[in-house]
There are 2 protein chains.
Amino acid sequence: MPTPVLQSSLRQFRRYEHLVKAGEQCDCIYRIRDGWACRYETLHDGRRQITALYLPGEYCEPHWLLSGRAELAVMALTPLSTTPLLLSEVHRPQDGGVKTMLGAILQNLERQTQWIIRLGRKNATERIVELFVDLRSRLGSDDDTVKIPLTQREIADIVGLTPVHVNRVLHRLAEQKRVFQHGRTLLATAHVSGIIRQCPSNVTEMNDEKATSDGW
Amino acid sequence: MPTPVLQSSLRQFRRYEHLVKAGEQCDCIYRIRDGWACRYETLHDGRRQITALYLPGEYCEPHWLLSGRAELAVMALTPLSTTPLLLSEVHRPQDGGVKTMLGAILQNLERQTQWIIRLGRKNATERIVELFVDLRSRLGSDDDTVKIPLTQREIADIVGLTPVHVNRVLHRLAEQKRVFQHGRTLLATAHVSGIIRQCPSNVTEMNDEKATSDGW
DNA sequence: CGCCCGGTTGACGAGCGTCAAGGTCGGTGG
DNA sequence: CCACCGACCTTGACGCTCGTCAACCGGGCG
């Protein structure tokens with residue numbers, strides 16, 4: 001058990017450690033300081049789908065304010081540092097803490113709507129590119145490149161594909177200089193979205209050229 | 001423009017009429033009396049994805065309470081009869097109207113999470129069956145069969161498939177007596193889920209037997 | 001030093017999309 | 001009452017995406 005939870009105390013999790021397991025009661029909402037977390041479900045046959053990502057600065061599962069219960073498990077994808085906000089604390093001071101949570105809930109609702117559209121109607125390349133575009137904007141990084149601390153299996157479980165296919169798509173994106181690999185870290189460049197292209201090929205469509213496997 | 005909106009007045013829509021278009025301001029939440037509605041998005045190339053269904057008894061887009069704005073268009077899938085609830089009315093009487101809306105928002109959030117899992121990790125048959133199971137329980141019908149007033153194109157836009165493939169899956173389900181067609185109306189039986197099976201074949205897996213086209 | 005996780009790559013096939021040509025039913029106008 | 005029309009459903013042929021299986025590699029860590 002962790003230390004007694006105080007306002008603005010810290011709580012840390014190791015990689016792949018659970019913040020909550022499916023079905024547990026929740027007495028606090030975690031504000032992410034550093035690291036990434038995800039909500040996910042594992043089917044009986046082992047298939048897994050990640051249904052939400054939580055990044056630094058965001059509130060992890062703000063709707064616990066309304067339900068007090070985790071339907072799905074949440075775990076750290078990286079070493080994670082959070083400040084837990086007790087639900088009772090959020091409720092009492094009518095300083096707008098509740099309003100902040102409701103806004104966060106609304107944002108998650110819209111994010112989930114966008115993911116339904118992507119999973120239902122977009123192909124592998126579109127899904128992966130739009131994931132990276134979303135991550136870039138949420139990380140608020142105007143840098144040239146953003147670090148993406150996800151394994152290919154994790155990306156696969158977000159975008160509803162297999163790790164093998166994610167690997168092939170990433171290689172094609174790398175050929176087009178839309179992503180890079182630095183060591184084992186994935187970097188998404190400022191033109192992941194593919195808007196910037198001087199070659200005559202089409203902007204939005206993907207052609208099927210075989211990956212020439214020049215090691216990224 | 002409709003008649004001035006009064007508490008518990010009625011507002012009707014024709015099939016395929018819009019309750020709101022994308023981006024519009026919303027001053028009321030519609031409680032569905034009769035008929036079905038959906039939220040959807042159309043991509044530039046014509047692909048469409050339905051991201052929410054609203055059935056009799058449910059509140060259409062309760063999160064407008066928080067945002068006051070429709071991100072996506074909402075339209076009637078059948079002739080529709082609703083009672084609009086003014087946002088100002090919901091706010092004022094602290095009799096629990098707000099609480100009801102927050103509960104409805106929470107439920108939609110969980111429904112969307114389930115759809116992300118289905119679209120990401122389930123095959124065509126699983127998606128369609130689980131849609132029907134969901135509809136059966138939401139319609140609260142313990143009847144033998146439930147009427148599903150959706151065209152195959154609409155089902156396709158919900159489950160992220162093409163109408164042609166939906167057609168083939170429906171025929172396979174019909175062979176197994178899990179759905180029926182009465183005239184042009186689709187009926188889902190009490191054992192759509194496929195739990196009830198006396199034949200030795202597997203419960204959850206689908207076999208690929210060709211449809212023998214005996215006209216349902 | 002060896003193990004294990006994660007990434008890489010090829011061969012192959014299944015599931016689903018695309019295209020295209022009917023078919024059927026209900027509504028509508030003459 | 002009938003002819004026509006437009007949605008919607010049906011069905012076959014074909015092929016692209018993506019999944020599966022399997023082997024291998026490379027580096028970090030105990």
Side-chain angles (χ1 to χ4, degrees), chain A residues 14-16 43 45-49 77-78 118-128 148-157 159-175 179-187 205-216, chain B residues 14-16 45-49 77-79 118-128 148-157 159-175 179-187 205-216:
Chain A
R14 292 186 309 277
R15 192 190 188 202
Y16 296 152
L43 307 186
D45 59 0
R47 289 178 287 184
R48 183 178 71 161
Q49 179 66 42
L77 290 174
T78 67
R118 288 174 189 145
L119 291 174
R121 292 302 180 199
K122 310 241 171 155
N123 64 28
T125 309
E126 291 172 318
R127 290 186 209 176
I128 292 175
I148 297 183
L150 298 173
T151 68
Q152 295 182 3
R153 173 168 204 281
E154 284 151 12
I155 294 175
D157 288 340
V159 299
L161 298 168
T162 56
V164 176
H165 199 67
V166 167
N167 182 286
R168 298 192 223 270
V169 172
L170 286 179
H171 276 270
R172 272 181 265 163
L173 293 178
E175 283 170 36
V179 299
F180 283 101
Q181 193 184 233
H182 180 64
R184 199 163 278 184
T185 319
L186 183 61
L187 301 172
E205 284 176 35
M206 294 308 308
N207 34 17
D208 275 19
E209 61 218 43
K210 268 273 175 52
T212 48
S213 72
D214 48 6
W216 293 68
Chain B
R14 292 186 308 277
R15 191 189 187 204
Y16 296 152
D45 59 0
R47 288 178 286 184
R48 183 178 73 159
Q49 178 67 42
L77 288 175
T78 68
R118 288 175 188 145
L119 291 174
R121 291 300 179 202
K122 310 243 171 153
N123 65 26
T125 309
E126 291 172 318
R127 291 185 208 176
I128 292 175
I148 298 183
L150 299 172
T151 68
Q152 296 182 3
R153 175 170 202 280
E154 284 151 11
I155 295 174
D157 288 340
V159 299
L161 298 168
T162 57
V164 175
H165 200 66
V166 167
N167 183 285
R168 298 192 222 269
V169 172
L170 286 180
H171 275 270
R172 271 181 267 163
L173 293 179
E175 284 171 35
V179 299
F180 284 101
Q181 194 184 233
H182 180 65
R184 199 162 277 185
T185 318
L186 183 61
L187 301 172
E205 285 175 34
M206 294 308 308
N207 35 14
D208 275 18
E209 59 215 58
K210 268 271 176 51
T212 47
S213 72
D214 48 5
W216 292 66

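In what follows, chains carry the letters A, B, and so on, assigned in the order in which the sequence lines appear, proteins first and then strands, with residues in each chain numbered from 1. Values below: all heavy atoms of this structure, side chains included; hydrogens, waters and symmetry mates excluded. Note that the coordinates shown come from a computational prediction; the quantities given were computed from them, not determined experimentally.
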TODO: Could you list the residues that satisfy side chain to side chain contact (heavy atoms under 4.5 Å, CB included) with B:R48, not counting sequence neighbours?
DONE: B:Y40, B:T42, B:I50, B:M75, B:R153, B:E154, B:D157
Open item on the list: So B:L186 and B:I155, do their side chains get closer than 4.5 Å, heavy atoms only?
Closed with: yes
Open item on the list: Nearest 0.5 Å, please: how far is CD1 in B:I128 from CD in B:Q152?
Closed with: 9.0 Å
Task: Below 4.0 Å: OP1/OP2 of C:dC25 and any side-chain N or O of B:Q181 - done: no
Task: From A:R47 atom CZ to B:R121 atom CZ, the distance as rounded to the nearest 0.5 Å - done: 8.5 Å
TODO: Return the value, rounded to whole Å, for the distance between atom CG of A:D157 and atom P of D:dG19.
DONE: 11 Å
Task: Any side-chain heavy-atom pair of B:K122 and A:L43 under 4.5 Å - done: yes
Task: Length of the CG-P vector between A:L187 and C:dG7, whole Å - done: 14 Å
Task: Atom pair NE2 (B:H165) and CZ (B:R168), whose distance is rounded to the nearest 0.5 Å - done: 8.0 Å
TODO: Answer with base, sugar-phosphate or nothing: what part of the nucleic acid does B:R47 contact at a heavy-atom distance below 4.0 Å?
DONE: nothing
Open item on the list: Less than 4.0 angstrom between a side-chain N/O of B:H171 and OP1 or OP2 of D:dC9, yes or no?
Closed with: no
Task: Whole-Å gap separating C1' (C:dG7) and CG (A:L170) - done: 10 Å
Open item on the list: Taking the axis from the first five pairs and the axis from the last five, what angle separates them in the helix from C:dC1-D:dG30 to C:dG30-D:dC1, rounded to 10 degrees?
Closed with: 40°
Open item on the list: Please report the distance, rounded to the nearest Å, between CD in B:E126 and P in C:dG15.
Closed with: 12 Å
Open item on the list: Does a side-chain N or O of A:Q152 approach OP1 or OP2 of C:dC5 to a distance below 4.0 Å, or not?
Closed with: no
- [ ] Please report, rounded to the nearest Å, how far the P atom of D:dC18 is from the CG atom of A:N167.
- [x] 14 Å
Task: Contact pattern, 5' to 3', of nucleotides 16-23 of chain C - B, S or - by protein heavy atom under 4.0 Å - done: BSBB----
Open item on the list: So, using side chain to side chain contact (heavy atoms under 4.5 Å, CB included) as the criterion, who are the partners of B:T78 when residues are at least two apart?
Closed with: B:W36, B:P149
Task: Spacing of B:I155 atom CD1 relative to D:dC8 atom P, expressed in whole Å - done: 12 Å
Task: Euclidean distance, B:L170 CG relative to B:Q181 CD, rounded to 0.5 Å - done: 9.0 Å
TODO: Figure out the CG/P separation between A:L186 and C:dG7, and round it to whole Å.
DONE: 9 Å
- [ ] For residues A:L150 and A:L77, determine if any side-chain heavy atom of one lies less than 4.5 Å from a side-chain heavy atom of the other.
- [x] yes
Task: Atom-pair distance (NE2 on A:H182; P on C:dG7), nearest Å - done: 16 Å
